[in-house]
Amino acid sequence: MSLTDRLLALFLYGLGVLFVAGLVHLIAVLAMPEIAPNDAFARLSAIAKTGQPVLLPQPLPGHELTPFEDPALAQVVCLFDLSHGSMHVRGEVDHETLLTLSFHSRDGRVFYAMTDRAAVHGKIDVRVVTQPQLQALQAEDDEDNPPQELRLVAPQMQGFVLINALAAYPSQRAAAEARATSMNCAPEAVAQN
Amino acid sequence: MLLRLLVTMLAGTALGLAVTYYLLGNGVSFDEVQSGPWTRWPKSGSMNIDPYAHAMLARTAELPLAAAEGLSFFARTDSAGESLKARCDYVMSGQIPSSRYWTVSLYGPTGSIIDNPAQRFGFTSAEILRAADGSFKLTVSRHARPGNWLPVGNVSTFVLVLRLYDTLFDVGMTKAEAAVLPKIVKGHCE
């Protein structure tokens with residue numbers, strides 16, 4: 001084997017290493033949201049039960065649930081699992097202080113978000129559903145009396161709704177927590193045939 | 001032959017994992033907007049999140065602010081581009097784009113809230129003291145300062161996060177952004 005042949009072989013093996021490395025890198029990045037053991041959903045699942053609103057602990061040194069939490073927010077989380085039916089989020093807002101809702105899929109993507117400004121007649125009424133559940137609901141809708149609820153099709157069966165209320169002053173934390181917990185979320189069966 | 005193939009596969013896998021670990025640890029993303037000292041990831045709070053940002057959030061467990069809720073800006077450097085050091089004083093001043101509320105908070109490099117004797121971890125737009133013309137000045141320092149003082153606890157570097165809640169600030173205007181965001185200017189260092 002001449003020197004050129006050896007160099008060529010080495011070069012080809014080098015290319016092979018780079019190709020495998022690129023492939024492994026792509027797979028690792030794309031798989032990370034599914035396999036990360038301690039992501040937001042896992043951390044929230046550790047303190048909350050599916051279908052029940054839970055007030056998250058106040059972000060204080062040493063007691064953070066997730067990094068970069070806004071210390072001025074009071075947060076409530078509702079975990080949902082649509083295999084047991086849809087998830088209904090309801091509540092009344094006063095339009096005075098900020099309240100926001102964000103809807104996250106299990107893998108960490110935000111599929112919808114709104115603030116209290118989007119409430120209709122002071123009411124927030126959102127139903128998180130799967131595509132078949134949406135069709136079942138639509139089949140039962142009264143055409144003369146259209147439903148007022150906003151229906152969101154979730155990209156995954158599991159996920160969570162995060163309700164944020166701002167405490168504009170530290171003294172308003174209790175009030176902000178009360179506003180966040182006043183939002184109700186509960187699983188609701190959908191008649192499917 | 002088989003051994004060489006195996007070595008190639010193993011070396012490639014190791015290299016691929018090392019590169020992934022490095023890139024995700026260092027915050028590489030195709031969806032990064034830099035304006036002055038402030039960085040934001042416009043698509044992080046949406047379904048079109050960049051795959052790198054998505055993988056990174058899965059690892060850190062950070063909950064991004066959705067675009068409809070507001071915008072968040074992260075500063076790890078001052079306006080001169082030097083990293084924020086806890087042994088220095090910084091003054092944050094200037095304008096804040098119009099929003100219903102905004103908050104500015106201080107974190108350790110990985111997003112932890114830093115303990116300090118004053119138990120102050122940030123300011124909201126409601127509680128910050130302003131001059132007669134509506135402008136404000138926020139001092140970040142280890143030592144007590146008059147006016148709006150954001151204490152730095154026992155860390156060596158820190159991160160400032162500005163969040164604009166319920167803002168009409170145009171997500172598209174990236175060039176002009178630096179001019180309408182506050183400046184962070186270094187003062188005295190110990």
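Values in this document were obtained by computation on a predicted structure and should not be read as measured data. Convention: sequence-line order gives letters A, B, ...; per-chain numbering from 1.
- Contact annotation for A:Asn38: only backbone heavy atoms (N, CA, C, O) come within less than 4.5 Å of a heavy atom of chain B.
- As a member of the Ile/Leu/Val/Met/Phe/Trp/Tyr network built from side-chain separations under 4.5 Å, A:Ile163 groups with A:Leu55, A:Val76, A:Phe80, A:Leu82, A:Met87, A:Val89, A:Val93, A:Leu99, A:Leu101, A:Phe103, A:Phe111, A:Tyr112, A:Met114, A:Ile124, A:Val126, A:Val128, A:Leu150, A:Leu152, A:Met157, A:Val161, A:Met183, B:Met47.
- The CD1 atom of A:Ile35 lies 11.0 Å from the CZ atom of B:Arg59; values are rounded to the nearest 0.5 Å.
- For chain B, the option among A:Gly14, A:Ala21, A:Pro170 with the highest count of heavy-atom pairs below 4.5 Å is A:Ala21.
- Contacts between A:Ala31 and chain B at a heavy-atom distance below 4.5 Å are absent for every atom of the residue.
- For B:Val159, the part lying under 4.5 angstrom from a heavy atom of chain A is the side chain only.
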Practice task
Could you please spell out the steps behind the side-chain contact (heavy atoms from CB on, under 4.5 Å) verdict for A:Val29 and B:Leu23?
Solution key: CA-CA 10 Å; A:Val29 166; B:Leu23 289 181; over 6 Å; no

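- Among A:Ala36, A:Ala40, A:Ala28, the residue with the largest count of heavy-atom pairs under 4.5 Å with chain B is A:Ala40.
- Taken from CG in A:Leu98 to OG in B:Ser99, the straight-line distance is 10.0 Å, to the nearest 0.5 Å.
- Only the side chain of A:His104 comes within contact range of chain B, judged by heavy atoms closer than 4.5 Å.
- Checking side-chain atoms of A:Tyr13 against main-chain N and O of B:Thr8 turns up no donor-acceptor pair under 3.5 Å.
- Comparing B:Ser105, B:Ala14, B:Gly108, B:Gly153 by heavy-atom pairs within less than 4.5 Å of chain A, the highest count is held by B:Ser105.
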Problem - A:Leu162/B:Glu69 under side-chain contact (heavy atoms from CB on, under 4.5 Å): CA gap, chis, key distance, verdict - result: CA-CA 11 Å; A:Leu162 202 62; B:Glu69 295 179 290; over 6 Å; no

Practice task
Would you check, one step at a time, whether the test side-chain contact (heavy atoms from CB on, under 4.5 Å) holds for A:Leu18 with B:Leu15?
Solution key: CA-CA 8 Å; A:Leu18 283 184; B:Leu15 184 67; 4.0 Å; yes

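- If you run ring-ring contact (aromatic ring centres under 6.0 Å, His included) between A:Phe68 and each of B:Phe158, B:Phe73, B:Trp41, B:Phe74, only B:Phe74 comes through.
- Here B:Gly45 is the residue among B:Ser44, B:Ala11, B:Gly45 with the most heavy-atom pairs under 4.5 Å with chain A.
- If you run side chain to side chain donor-acceptor pair (under 3.5 Å) between B:Tyr165 and each of A:Asp70, A:Thr100, A:Thr115, only A:Asp70 comes through.
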Problem - side-chain contact (heavy atoms from CB on, under 4.5 Å) between B:His54 and A:Met32, intermediate numbers included - result: CA-CA 8 Å; B:His54 194 187; A:Met32 190 63 78; over 6 Å; no

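- When each of A:Pro37, A:Ser105, A:Ser102 is checked for heavy-atom pairs under 4.5 Å with chain B, A:Ser102 comes out on top.
- Below 30°, between 30° and 60°, or above 60°: for B:Tyr52 and A:His25 the angle between ring planes is between 30° and 60°, a tilted geometry.
- Between chain A and the residues B:Met9, B:Gln119, B:Arg100, the largest count of heavy-atom pairs under 4.5 Å involves B:Arg100.
- Using a 4.5 Å cut-off between heavy atoms, A:Asn164 contacts chain B through its side chain alone, with no backbone atom that close.
- Between the CZ atom in B:Arg163 and the CG atom in A:Leu73 there is a gap of 7.5 Å [rounded to 0.5 Å].
- Put simply, the side chain of A:Glu69 does not reach to within 4.5 Å of the side chain of B:Phe121, judged on heavy atoms.
- Judged by distance alone, with hydrogens and angles left aside, the side-chain atoms of A:Glu64 form a donor-acceptor pair with the main-chain N or O of B:Ile113 at under 3.5 Å.
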